[in-house]
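Because only heavy atoms are used, hydrogens play no part in the values below, and waters and symmetry mates are left out as well, while side chains stay in. Whatever order the structure lists them in is the order used to number ligands and atoms, beginning at 1.
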Amino acid sequence: MIVLGLEGTAWNLSASLVNDDEVLCEVNSAYVPTSGGIHPRDAAQHFASNVAGVVRQVLNSTDPRSIEGIAFSQGPGLGPCLRIVGTAARAIALRLGVPLVGVNHCIAHIEVERWKTDLSAPIVLYVSGANSQVLSYRQKRYRILGETLDIGIGNCLDKFARSAGLPHPGGPKVERLAQESKKYLLMPYVVKGMDFSFSGIVTAAQEALKSTPLEDICYSFQETAFSMLVEVCERALSQTDKSDLLLAGGVGANNRLQEMLSVMCAERGAHFFAPKPEYLQDNGAMIAYTGLLMLSHGLRTPITASGANPNFRPDEVEVLWIKG
Ligand code: ATP
Ligand code: FE2
């Protein structure tokens with residue numbers, strides 16, 4: 001089966017063709033803010049100006065008659081951006097006369113990482129710009145075991161980085177600066193049950209900018225926030241009796257986070273699966289592949305139910321493609 005997938009939840013407009021085994025083609029058009037962070041209206045304007053060209057390039061790479069379904073990111077994400085990719089997806093599906101399927105962006109981050117591993121139901125740490133969740137598959141759903149009580153870890157890193165005068169996206173810049181320090185500054189460590197909160201760290205880090213070297217703040221920020229995530233992941237492994245941990249989402253690129261999770265897993269005899277770097281950030285292939293899984297299990301999204309869903313939660317989706 002060949003499926004065309006369209007991603008466009010926030011910053012990356014991406015179209016891709018996949019089959020069951022591989023990514024056949026992917027074309028990206030990233031929105032880069034000229035100043036500050038992502039402006040939803042500007043991002044949507046970028047998507048609107050580029051979606052036809054991106055789709056045309058992907059369609060030119062194959063015989064369009066070989067495409068058996070159209071998948072698109074239905075949410076969660078920025079409403080104005082979601083509406084552009086949704087409109088494009090509906091138009092292509094109607095033009096080609098093939099089924100349409102709306103994909104949950106969070107689940108797509110997980111499925112593209114699970115692709116070609118033999119992991120059936122690991123504990124997942126999904127950490128990206130707007131989202132931070134610990135999930136586990138059980139009885140046809142990805143259950144959210146723990147999540148952020150305020151903002152996602154990536155947005156939190158980006159927000160602090162902006163205050164420090166670093167350009168968007170801040171996550172990779174904070175990581176680089178953190179490598180230059182080993183001086184720990186106390187920051188708010190907030191874990192409540194299985195949930196966590198990051199906004200206190202942003203405030204403390206912004207306050208510290210007045211008197212502390214930037215690399216010490218970056219180091220302390222990462223050590224504190226990542227320790228909170230590791231604690232919740234360890235509790236999730238322990239309480240579910242599972243022994244596989246999978247990392248997904250854009251912040252999963254962080255080497256220090258990967259290192260901390262792998263040490264925790266090694267100490268308790270669990271397996272840590274670091275993400276495939278090429279599919280960490282938002283990409284069309286993850287939407288196309290998850291759409292392929294959904295379509296091949298009979299799931300379809302009628303046009304009337306294909307509207308944008310900016311608050312789409314992963315546990316709303318019935319997962320029919322995982323056995324057992
Ligand atoms: P979602 O809709 O899933 O929340 P997103 O639109 O934020 O996703 P992603 O590409 O999944 O997009 O993640 C982007 C985030 O990842 C940004 O906040 C960015 O700063 C962060 N990031 C990227 N690389 C690193 C890194 N090396 N260390 C920390 N954060 C990183
Ligand atoms: Fe994402």
Peer 1: Which residue and atom name correspond to the protein heavy atom nearest atom 10 (O) of ligand 1, and how close is it?
Peer 2: D282 N, 3.1 Å

Peer 1: Under 4.0 Å from a heavy atom of A10: give me the atoms of ligand 1 that qualify, with their elements.
Peer 2: 6 (O)

Peer 1: Quick check: are there more than 12 heavy atoms from other residues, nucleotides or ligands sitting under 6.0 Å from NZ of K140?
Peer 2: yes

Peer 1: Under 4.0 Å from a heavy atom of W11: which atoms of ligand 1 are those, numbered in the order shown and with their elements?
Peer 2: 5 (P), 6 (O), 9 (P), 10 (O), 12 (O)

Peer 1: Please say whether G249 places an N or O atom under 3.5 Å from an N or O atom belonging to ligand 1.
Peer 2: no

Peer 1: Consider only side-chain heavy atoms of I, L, V, M, F, W and Y, link residues closer than 4.5 Å, and tell whether Y137 and V103 are in one cluster.
Peer 2: yes

Peer 1: Please state which protein non-hydrogen atom is closest to atom 28 (N) of ligand 1 and give its distance, to 0.1 Å?
Peer 2: N254 ND2, 3.1 Å

Peer 1: Please state which protein non-hydrogen atom is closest to atom 17 (C) of ligand 1 and give its distance, to 0.1 Å?
Peer 2: D158 OD2, 3.5 Å

Peer 1: Counting both backbone and side chain atoms, is some N or O of P169 under 3.5 Å from an N or O of ligand 1?
Peer 2: no

Peer 1: NZ of K116: more than 12 outside heavy atoms within 6.0 angstrom?
Peer 2: yes

Peer 1: Which of the atoms in ligand 1, numbered in the order shown and given with their element, are less than 4.0 Å from a heavy-atom of S128?
Peer 2: 1 (P), 3 (O), 4 (O), 8 (O), 11 (O), 13 (O)

Peer 1: List every atom of ligand 1 that sits less than 4.0 Å from any heavy atom of H109, numbering the atoms from 1 in the order shown and giving each element.
Peer 2: 3 (O), 11 (O)

Peer 1: If you measure from each non-hydrogen atom of V251 to ligand 1, which part falls under 4.0 Å: side chain, backbone, both or neither?
Peer 2: both

Peer 1: More than 12 foreign heavy atoms under 6.0 Å from CZ of R300: is that the case here?
Peer 2: yes

Peer 1: Only to 10 degrees, please: what angle do the NE2 atom of H109 and the OD1 atom of D282 make about the Fe ion (ligand 2)?
Peer 2: 90°

Peer 1: Considering heavy atoms of the protein only, find what lies nearest to atom 13 (O) of ligand 1 and give residue, atom and distance to 0.1 Å.
Peer 2: G250 CA, 3.4 Å

Peer 1: Is there any N or O on G171 that sits under 3.5 Å from an N or O of ligand 1?
Peer 2: yes

Peer 1: Can you sort out which atoms of ligand 1 are near E175, meaning under 4.0 Å from one of its heavy atoms?
Peer 2: 26 (C), 27 (N), 28 (N)

Peer 1: To which protein heavy atom is atom 15 (C) of ligand 1 closest, and what is the distance rounded to 0.1 Å?
Peer 2: G129 N, 3.7 Å

Peer 1: Taking 4.0 angstrom as the limit and counting only heavy atoms of G154, give me the atoms of ligand 1 inside it, by number and element.
Peer 2: 18 (O)

Peer 1: Have a look at ligand 1 and work out which part of A130, if any, has a heavy atom under 4.0 Å from it: side chain, backbone, both or neither.
Peer 2: both

Peer 1: Please give me the minimum heavy-atom distance between C218 and F160, naming the atom from each residue.
Peer 2: SG-CE2, 4.1 Å

Peer 1: Would the distance check show the side chain of R143 and the main-chain N or O of R138 forming a donor-acceptor pair, the cut-off being under 3.5 Å?
Peer 2: yes

Peer 1: Counting only N and O atoms by type, is there a donor-acceptor contact under 3.5 Å from the side chain of D20 to the main-chain atoms of M1?
Peer 2: yes

Peer 1: With a 4.0 Å cut-off on heavy atoms, is P172 in contact with ligand 1?
Peer 2: yes

Peer 1: To check you understand the geometry: which heavy-atom pair defines the closest contact between T212 and L185, and what is its length?
Peer 2: CG2-CD2, 4.3 Å

Peer 1: At what distance is the nearest protein heavy atom to atom 3 (O) of ligand 1, and which residue and atom is it?
Peer 2: Y126 OH, 2.5 Å

Peer 1: Keeping the roles fixed (side chain from D150, backbone from F198), state whether a donor-acceptor pair exists under 3.5 Å.
Peer 2: yes

Peer 1: Do the two ring centres, one from Y289 and one from W115, sit under 6.0 Å apart?
Peer 2: yes

Peer 1: Hey, which atoms in ligand 1 end up nearer than 4.0 Å to a heavy atom of H105?
Peer 2: 1 (P), 2 (O), 3 (O), 8 (O)

Peer 1: Applying a 4.0 Å heavy-atom criterion (strictly less than), which segment of Q281 is in contact with ligand 1: side chain, backbone, both, or neither?
Peer 2: both

Peer 1: Are more than 12 heavy atoms from other residues, nucleotides or ligands located less than 6.0 Å from atom CZ of R268?
Peer 2: yes

Peer 1: Return the OG to CG distance between S73 and N104, rounded to the nearest 0.5 Å.
Peer 2: 10.0 Å

Peer 1: How about H105: does one of its N, O or S atoms come closer than 2.8 Å to the Fe ion (ligand 2)?
Peer 2: yes

Peer 1: Main chain of R65, side chain of D63: is a donor-acceptor contact present, judged purely on distance under 3.5 Å?
Peer 2: yes

